[in-house]
Amino acid sequence: MRQAGRALPEYRAIREKHGFMEMLSTPELIVEVSLQPWRRFKMDAVIVFSDILLIPWKMGMDLKFIEGQGPKFSKLIETEKDVESLQSITPEKDCPFLLTALRQLRKEIRNNAALLGFAGSPWTVASYMLSGVILSPELVEGRRISGSFADAQDDTVDTVKILLEKLTQQTIVYLKAQIEAGVDAVQIFDSWGGSLSAEEYAVWSAPYIKEVVAALKPTGVPTILYIKDSRHLLDQMVSTGVDVISVGWETPLELARKKRCAIQGNLDPHILMQATPDEVREKTQNMLNEMKNYPGYIANLGHGVLPKTPLENIAAFVETVKRCHCEEPQATKQSK
Ligand code: 1CP
């Protein structure tokens, strides 16, 4: 999840001095910002500071960061010609800053934490390239694009499929480079996958993720697939072949458990933002109790940390999870 984000004062201090795009492409800043949450909270994993839109940026799309909104492309993909003009990336040449940062992070954290690399799923990244803004809730653009396929000309559908296939190949190359640079696992963010129905997902997202996962299998590095609104897509998530399914907070863990697959998630980040530290401890403990004895569970939030989250609540979450490794929950102790 987005662990640095805007919640940390030390992150905001760096952002006051440097633009987001500059931060994305400067190894020293990537390393520093990636380490900030870990220094403070000592979670078990460090996710590298980067963005899912790095691939299309390096394929030739002009990316700018609009303050208060997020990263945006100046011109979206509209025609087959636009898709054709996208270049293939060579990670060592096009994003050496990221690979340098990953190697440095590996050295700094040694084996004291897992180092996570990531990429967006082809569907989610394509949604941004084709439609741009997904910020307003009524504009779930992934849905709009797929909805328009019903009336779309065949060649539009083909163009989107060519784009998805292109992105799939780039994602494979990009994640392989991150693996070579030393990451322990990679997470694929299909943040907008949940806006598709199960039938649409089977056509527009799952096959491309499957291809990425199959290509990474020989490396032996575990893959994690995150979908925010994942409730109706759990079977498809498993069938992509990923090692871990990471579910949003609206998906009951009880449902995910039935899939007999390693699970990551899923405390509602709003709890961290609104509740007291005691309430955070209680809700976190409830989640841990629910997953007790489930083999292959990674405690996490169901989406990124929200910007105004009190730091003591993040600390309460991490401490409760870490304590759980060595102490049994109170209720279980008493019942023995
Ligand atoms: O916190 C970290 O440093 C972890 C690295 C990280 C990750 C894993 C960042 C840095 N972004 C991401 C993934 C990412 N980026 C996703 C998938 C996860 C999710 O669903 O949240 C998405 C959708 C993006 C795109 C993005 N980047 C948006 C959404 C834009 C939109 O229109 O929907 C935004 C606002 C960003 C900015 C961003 N990326 C990362 C950070 C720390 C920030 C905030 C920057 C700031 O305001 O200072």
Side-chain angles (χ1 to χ4, degrees), residues 1-26 29-41 43 45-57 61 63-73 76 98 101-102 105 115-137 139-142 171 174-175 178 183 185-195 224-230 246-250 264-266 269 300-309 314:
M1 295 302 116
R2 279 201 229 145
Q3 31 176 246
R6 294 142 283 185
L8 297 186
E10 56 269 36
Y11 171 84
R12 288 198 299 266
I14 291 195
R15 271 285 272 127
E16 266 169 34
K17 291 198 225 121
H18 304 277
F20 183 75
M21 300 303 291
E22 182 194 349
M23 283 168 67
L24 273 190
S25 41
T26 312
L29 294 175
I30 299 175
V31 171
E32 172 58 24
V33 168
S34 304
L35 289 176
Q36 284 175 341
W38 186 60
R39 277 196 207 113
R40 219 183 234 273
F41 304 112
M43 329 47 190
V46 172
I47 189 160
V48 66
F49 173 80
S50 187
D51 203 86
I52 61 166
L53 302 182
L54 196 83
I55 290 183
W57 177 35
M61 289 184 80
L63 186 67
K64 293 201 168 63
F65 190 89
I66 317 277
E67 291 303 330
Q69 291 188 30
K72 296 273 170 297
F73 296 113
L76 301 176
L98 176 68
L102 283 171
L105 281 167
L115 178 60
L116 302 182
F118 71 92
S121 75
W123 164 256
T124 287
V125 174
S127 300
Y128 281 97
M129 294 165 83
L130 292 162
S131 61
V133 190
I134 310 194
L135 278 181
S136 68
L139 256 187
V140 181
E141 291 286 347
T171 308
Y174 181 68
L175 288 177
Q178 293 187 35
V183 302
V186 294
Q187 179 146 335
I188 300 169
F189 286 95
D190 197 1
S191 304
W192 295 103
S195 64
I224 308 168
L225 172 60
Y226 171 76
I227 306 182
K228 187 172 160 296
D229 300 306
S230 34
S246 180
V247 297
W249 43 269
E250 66 304 287
Q264 175 173 276
N266 76 342
N300 204 336
L301 301 181
H303 203 191
V305 174
L306 294 158
K308 295 202 172 105
T309 302
I314 305 178

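When a ligand or atom number is given, it counts from 1 through the structure's own listing order.
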Heavy-atom nearest neighbour of [atom] within options [options]:
atom                    : options               : result
atom 4 (C) of ligand 1  : I227, V125, I47, I188 : I47
atom 17 (C) of ligand 1 : G19, S127, S191       : S191
atom 26 (C) of ligand 1 : L54, V46, D51         : D51

Under-4.0 Å heavy-atom contact with ligand 1, by part of V33 that carries it: neither
Applying a heavy-atom cut-off of 4.0 Å, say which part of K72 lies close to ligand 1: side chain, backbone, both or neither.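 Just the side chain.
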Are any side-chain N or O atoms of Q187 and backbone N or O atoms of A119, one a donor and one an acceptor, separated by less than 3.5 Å?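 Looks like no, no N/O pair under 3.5 Å.
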State which residues pass side-chain contact (heavy atoms from CB on, under 4.5 Å) with S25; sequence neighbours excluded, sorted by chain then number.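 Testing S25 for side-chain contact (heavy atoms from CB on, under 4.5 Å), a comparison that skips the adjacent residues, returns W57, F97.
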Could you tell me whether some N/O pair between Y226 and ligand 1 is separated by less than 3.5 angstrom? no
Taking the non-hydrogen atoms of I52, is any one of them nearer than 4.0 angstrom to ligand 1? yes
Determine, using heavy atoms of R12 and all atoms of ligand 1, whether some pair is separated by less than 4.0 Å. no
Please identify which atoms of ligand 1 are closer than 4.0 Å to at least one heavy atom of S50. 5 (C), 6 (C), 9 (C), 10 (C), 11 (N)
Which ligand 1 atoms, with their elements, are less than 4.0 angstrom from a heavy-atom of R15? 46 (C), 47 (O), 48 (O)
